[in-house]
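Reviewing the structure listed below.
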Amino acid sequence: MTITLAIETSCDETAVAVVKKYEVLSSIVTSQIAIHRPYGGVVPEVASRQHLESINVAIVQALEAAQLNWPEIDGVAATCAPGLVGALLVGLTAAKTLAIVHQKPFVGVHHLEGHIYAAYLANPQLKPPFLCLLVSGGHTSLIHVKDCGIYETLGQTRDDAAGEAFDKVARLLGLGYPGGPEIDRIAADGDPHAFKLPEGKIKQPGGGFHPYDSSFSGLKTAVMRLVGELKQSSDRLPIADLAASFQETVARSLVKRTIACALDYGLETIAVGGGVAANSRLRHLLQEEATHHNLRVLLPPMKFCTDNAATIGCAASEHLSRGHLSSLNLGVRSRMTLTDVMQLYADNSELPLANS
Ligand code: KG4
Ligand code: ZN
């Protein structure tokens with residue numbers, strides 16, 4: 001079975017993993033969160049330099065933890081898009097260099113495809129088609145997974161991504177970065193029905209609301225106004241109630257759209273991926289509603305929801321086993337839609353991709 005060494009450096013985690021198809025042999029994640037925390041977000045230049053510091057050690061650690069050496073590795077993979085260009089370049093260059101030195105096939109991977117492949121770590125027997133609710137710091141999408149590399153986006157947010165909304169609202173509430181885990185923790189002590197917040201419906205041109213698309217920027221503004229009003233009437237903000245009400249609104253909005261989409265498209269399995277898929281309320285509510293509608297939910301282990309290289313390795317192993325290889329001229333891209341994934345393995349991938 002295909003054994004892949006995978007590298008992920010698209011944002012603020014330097015991650016290296018060794019996977020045997022969908023079995024994780026090792027997964028090293030070196031987080032930069034503490035370094036970026038004083039700035040309240042990721043500083044791209046700092047991230048690139050930090051990846052450079054950590055990448056070689058992480059590669060050695062991943063091989064050691066898997067108790068394997070280069071002769072046993074079948075291919076080398078790295079995330080090449082989307083993400084921070086300087087950060088992506090560190091992982092991609094390391095992977096290409098290793099592929100050349102050890103004469104292994106090289107596979108470029110789309111970051112979001114990695115998040116989708118977390119589903120296979122929840123159930124290695126999973127077969128498409130299925131629906132994936134992909135909720136990360138930069139994306140909120142409902143994706144129809146038709147086959148490896150073949151994706152259709154059925155719904156998305158029109159503005160802020162779910163993770164972005166968690167991070168912004170956490171900042172408003174004076175909580176730390178990243179905001180998602182902080183809100184999740186504090187909401188446990190709050191009343192989710194303390195405040196009624198707008199769900200972020202999108203009006204359709206012909207009337208009614210879009211069944212799968214959502215908006216989170218109005219919700220963020222509503223929390224901002226509410227915080228302003230509450231501050232005028234009291235010195236102490238009910239942080240736990242605010243966090244719980246916000247979290248409940250996001251979870252309900254996402255679950256409602258996901259269930260509607262799965263039912264409309266006749267997709268019986270729903271997978272979740274991306275950092276926000278680690279949210280306790282979202283996981284619980286989705287499981288509850290799906291069971292109610294006779295749908296199956298795949299909840300990957302939390303550590304494979306947030307950025308890591310194991311899920312990148314799973315996607316790469318599948319491409320590798322299908323003969324989808326990338327050219328060593330492959331470049332990085334800050335933006336790239338999932339519908340273009342197969343471009344990474346196209347015959348003309350000799351052409352470098354745009355660097356922006
Ligand atoms: O997938 P990810 O690790 O990186 C991106 O590709 O963006 O997602 C990071 C996002 C951050 O916005 C973070 O606040 C959010 O995921 N997140 C959470 C939780 N854990 C991470 N949001 C809500 N609840 C959580 N438990
Ligand atoms: Zn991610």
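Numbering of ligands and ligand atoms starts at 1, following listing order. Positions are given from 1 along the sequence.
At a 3.5 angstrom cut-off on N or O pairs, T306 does not count as close to ligand 1. Considering backbone and side-chain N/O atoms, F166 never comes within less than 3.5 Å of an N/O atom of ligand 1. Checked by distance only, ligand 1 and G180 come closer than 3.5 Å through their nitrogen or oxygen atoms.
Using a 3.5 Å distance cut-off with no hydrogens or angles, the side chains of T79 and S10 do not pair a donor with an acceptor. In summary, the side chains of Y120 and Q125 do not present any donor paired with an acceptor at a separation below 3.5 Å, with no hydrogens or angles considered.
Counting heavy atoms under 4.0 Å from ligand 1, residue H111 touches it through the side chain alone. With a 4.0 Å heavy-atom cut-off, ligand 1 is reached by the side chain of D167 but not by its N, CA, C or O. At a heavy-atom distance under 4.0 Å, only side-chain atoms of D184, from C-beta outward, approach ligand 1. Under 4.0 angstrom from ligand 1, the non-hydrogen atoms of H115 all belong to its side chain.
The pair R158-D213 counts as a salt bridge, with a side-chain nitrogen and a carboxylate oxygen less than 4.0 angstrom apart. Using a cutoff of 4.0 Å between basic side-chain nitrogens and carboxylate oxygens, E289 and K256 are not scored as salt-bridged. The residues R322 and D147 are annotated as salt-bridged, a charged nitrogen and a carboxylate oxygen being separated by less than 4.0 angstrom.
Distances from the Zn ion (ligand 2) show that H139 has no N/O/S atom below 2.8 Å. Distances from the Zn ion (ligand 2) show that C11 has no N/O/S atom below 2.8 Å.
Nearest protein heavy-atom contact of atom 3 (O) of ligand 1 is D307 N, 3.0 Å. Of the protein's non-hydrogen atoms, the one nearest atom 10 (C) of ligand 1 is G137 N, 3.6 Å. The single protein non-hydrogen atom nearest to atom 24 (N) of ligand 1 is N279 ND2, 3.0 Å, given as residue, atom name and distance.
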- ring pair (Phe, Tyr, Trp, His ring centres under 6.0 Å) between F166 and F246, intermediate numbers included: CA-CA 9 Å; F166 268 96; F246 164 77; 5.0 Å; yes
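Short contacts between ligand 1 and G163, defined as distances under 4.0 Å to a heavy atom of the residue, involve ligand atoms 12 (O). In the vicinity of G138, heavy-atom distances shorter than 4.0 Å reach the ligand 1 atoms 7 (O). Applying the 4.0 Å criterion to heavy atoms of A278 picks out, from ligand 1, the atoms 26 (N).
Looking at D160, T140, T157, D159 one by one, the single match for side chain to side chain donor-acceptor pair (under 3.5 Å) with S215 turns out to be D159. The one candidate from H110, H144, E113, K146 that meets the side chain to side chain donor-acceptor pair (under 3.5 Å) condition with Y151 is E113.
Counting non-hydrogen atoms of other residues, nucleotides and ligands closer than 6.0 Å to CD of E268 gives a total of 12 or fewer.
A donor-acceptor pair under 3.5 Å is formed between the side chain of Y345 and the backbone N or O of G108. Side-chain N or O atoms of S234 include none that pairs as donor or acceptor with a backbone N or O of K231 at under 3.5 Å.
When you scan the N, O or S atoms of D307 for the one nearest the Zn ion (ligand 2), you land on OD1.
A heavy-atom distance below 4.5 Å is found between the side chains of E152 and L154.
Remark: at the Zn ion (ligand 2), atom NE2 from H111 and atom NE2 from H115 enclose 100°, rounded to the nearest 10 degrees.
Not a single heavy atom of C11 sits closer than 4.0 Å to an atom of ligand 1.
Between the choices G114, G83, G275, A277, the shortest heavy-atom distance to atom 1 (O) of ligand 1 belongs to G275.
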